[in-house]
> 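Below are the structure tokens for one structure; questions will follow.
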Number of protein chains: 2
Amino acid sequence: MKLITRNTDYALRAVCFMAKHKGKVVSVAELTRKLRVPRPFLRKILQSLNRSGILKSLRGQGGGFILAKDATQIFLMDIMRIFQGKLRLNDCLLKKLICPNKRSCPLRKKIAKIESYVLKELSAINIASLLE
Amino acid sequence: MKLITRNTDYALRAVCFMAKHKGKVVSVAELTRKLRVPRPFLRKILQSLNRSGILKSLRGQGGGFILAKDATQIFLMDIMRIFQGKLRLNDCLLKKLICPNKRSCPLRKKIAKIESYVLKELSAINIASLLE
DNA sequence: ACAAATGATACAATTATGGTATCATTTCTG
DNA sequence: CAGAAATGATACCATAATTGTATCATTTGT
Ligand code: FES
Ligand code: FES
């Protein structure tokens with residue numbers, strides 16, 4: 001069971017690279033060379049990051065991508081959410097067959113507690129803290 | 001991102017049912033009726049639980065399955081591990097491209113911490129606690 | 001005008017999940 | 001002993017999610 005999927009992974013690499021070269025406009029071509037990530041896939045990923053406001057894009061010759069905010073303001077959870085959706089550990093597959101009344105379902109409660117912890121921790125990790 | 005997959009779910013339902021009817025030998029036929037789970041799939045699942053020592057099976061006419069241990073001694077994590085493998089949140093996809101030396105990789109450390117928490121919590125939830 | 005970049009989007013391959021089918025073996029019952 | 005009712009083992013199939021590729025349109029610097 002993976003917590004982080006491939007596209008989140010690639011996105012992280014790209015964002016970290018750009019954080020290390022703050023202020024520089026980086027093209028997909030360069031990122032592909034530096035990160036060894038399949039180029040068309042990386043493009044798609046960067047476009048998502050752009051739409052989500054993590055990156056800004058500059059079109060035309062000499063264009064590329066650049067961080068839209070400071071590295072301390074971009075969190076792991078933000079990026080995960082873009083590519084993996086909302087973190088939902090719960091959601092009760094086991095409809096009422098385990099617990100009599102889902103209102104007070106003990107399993108749901110326990111899993112909800114785990115979920116909120118994971119969420120809190122992932123939300124606290126920012127890109128800047130991954131560089132040093 | 002699901003924490004619990006379908007087969008774990010079905011397994012949980014079955015085990016909970018059997019825990020409620022402690023001592024009774026239950027056939028797949030009966031479980032299928034009660035849980036509304038596809039029969040051949042459920043068979044496969046129960047056979048796994050048998051091989052893993054969660055259930056005992058009794059073959060031949062009048063046979064079926066029965067819990068191999070007390071419901072307080074069967075933990076959510078045990079069942080998850082059977083169907084979903086080891087919980088690995090970490091494993092560094094992002095090979096050395098983020099962190100200079102993976103020995104002291106800050107991301108790995110943080111994720112390892114989250115993993116161990118999740119593991120601990122899931123390991124503490126036993127079947128008996130889901131019945132009441 | 002042209003080249004170099006991204007935007008949008010449709011399509012394809014691979015893998016994981018969820019599920020079915022079948023035949024062999026065991027055991028109870030008459 | 002014969003036959004039915006159960007599981008054991010295992011191969012196969014279907015669907016969905018993940019991981020990509022390809023292509024054409026648009027923007028922009030020179
Ligand atoms: S197990 Fe789902 S509501 Fe309780
Ligand atoms: S991000 Fe993988 S070793 Fe650090």
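We name chains A, B, ... by the order of the sequence lines, and we start the count at 1 in each one.
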> Can you confirm whether Leu35(B) sits close enough to Tyr10(B) that some side-chain heavy atom of one is under 4.5 Å from a side-chain heavy atom of the other?
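A side-chain contact is absent here, since even the closest heavy-atom pair is not under 4.5 Å.
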> Taking atom C1' of dA25(D) as reference, at what distance in whole Å does atom CD of Gln47(A) sit?
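Distance check: Gln47(A) CD to dA25(D) C1' gives 12 Å.
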> Can you sort out the partners of Gln84(B) under side chain to side chain donor-acceptor pair (under 3.5 Å), two or more places apart, ordered by chain and number?
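So Gln84(B) forms a side chain to side chain donor-acceptor pair (under 3.5 Å) with Thr5(B), Thr8(B).
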> Just N and O in the side chain of Ser27(B): are any of them under 4.0 Å from OP1 or OP2 of dA5(D)?
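It does not, given that no N or O in the side chain of Ser27(B) lies less than 4.0 Å from OP1 or OP2 of dA5(D).
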> For every nucleotide of nucleotides 17-24 of chain D, 5' to 3': is a protein heavy atom under 4.0 Å from its base (B), only from its sugar-phosphate (S), or from neither (-)?
--SBB-B-
> Rounding to an integer number of Å, can you tell me how far Leu49(A) CG sits from dG7(C) P?
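Those two atoms, CG and P, are 11 Å apart.
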> Rounded to the nearest angstrom, tell me the gap between atom CG in Asn50(A) and atom P in dT9(C).
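It works out to 14 Å between those atoms.
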> Between Ser57(A) and dG7(C), does any side-chain N or O lie under 4.0 Å from OP1 or OP2?
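Checking dG7(C) against Ser57(A), a side-chain N or O does come within under 4.0 Å of OP1 or OP2.
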> Taking the side chain as every heavy atom from C-beta outward, state whether Glu30(A) and Lys24(A) have any pair of such atoms under 4.5 Å apart.
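Side chain of Glu30(A) against side chain of Lys24(A), heavy atoms only: contact under 4.5 Å found.
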> Met18(B), Val25(B): one ILVMFWY side-chain cluster at the under-4.5 Å cut-off?
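No, no single cluster joins them.
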> Please set out all donor-acceptor pairs under 3.5 angstrom arising from side-chain atoms of residues 38-47 of chain A, sequence neighbours excluded.
none

> Rounded to the nearest angstrom, tell me the gap between atom CD1 in Ile4(B) and atom P in dT17(C).
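Taking atom P of dT17(C) as the reference, CD1 of Ile4(B) is at 14 Å.
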> Give the rounded distance in Å between these two atoms: CZ of Arg59(A) and P of dG29(D).
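Checked: the CZ to P distance equals 12 Å.
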> For Lys120(B), check side chain to side chain donor-acceptor pair (under 3.5 Å) against everything at least two apart and list the hits.
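For Lys120(B) there are no side chain to side chain donor-acceptor pair (under 3.5 Å) partners, ignoring immediate neighbours.
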> So does Ile125(A) get a backbone contact from the side chain of Ser129(A), meaning a donor-acceptor N/O pair under 3.5 Å?
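No, because the side chain of Ser129(A) does not come within donor-acceptor range (under 3.5 Å) of the backbone of Ile125(A).
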> Taking atom C1' of dA6(D) as reference, at what distance in whole Å does atom CD of Glu30(B) sit?
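Computing the Glu30(B):CD to dA6(D):C1' distance gives 13 Å.
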> Give, ordered by number, those residues of residues 60-68 of chain A having at least one heavy-atom distance below 4.0 Å to an atom of DNA chain C; if nothing qualifies, reply none.
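Within residues 60-68 of chain A, the residues near DNA chain C are Gly60(A), Gln61(A), Gly63(A), Gly64(A), Phe65(A).
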> Within the structure shown, what part of the strands sits under 4.0 Å from Leu58(B) by heavy-atom distance: base, sugar-phosphate, or nothing?
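The answer is sugar-phosphate, as Leu58(B) gets under 4.0 Å only of primed atoms, P, OP1 or OP2.
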> For a quick test of your reading: what N or O donor-acceptor pairs under 3.5 Å do the side chains of residues 54-82 of chain A make, sequence neighbours left out?
residue	atom	partner	partner atom	Å
Asp70(A)	OD1	Lys22(A)	NZ	3.3
Asp70(A)	OD2	Thr72(A)	N	3.0
Asp70(A)	OD2	Thr72(A)	OG1	2.7
Asp78(A)	OD2	Phe75(A)	N	3.0

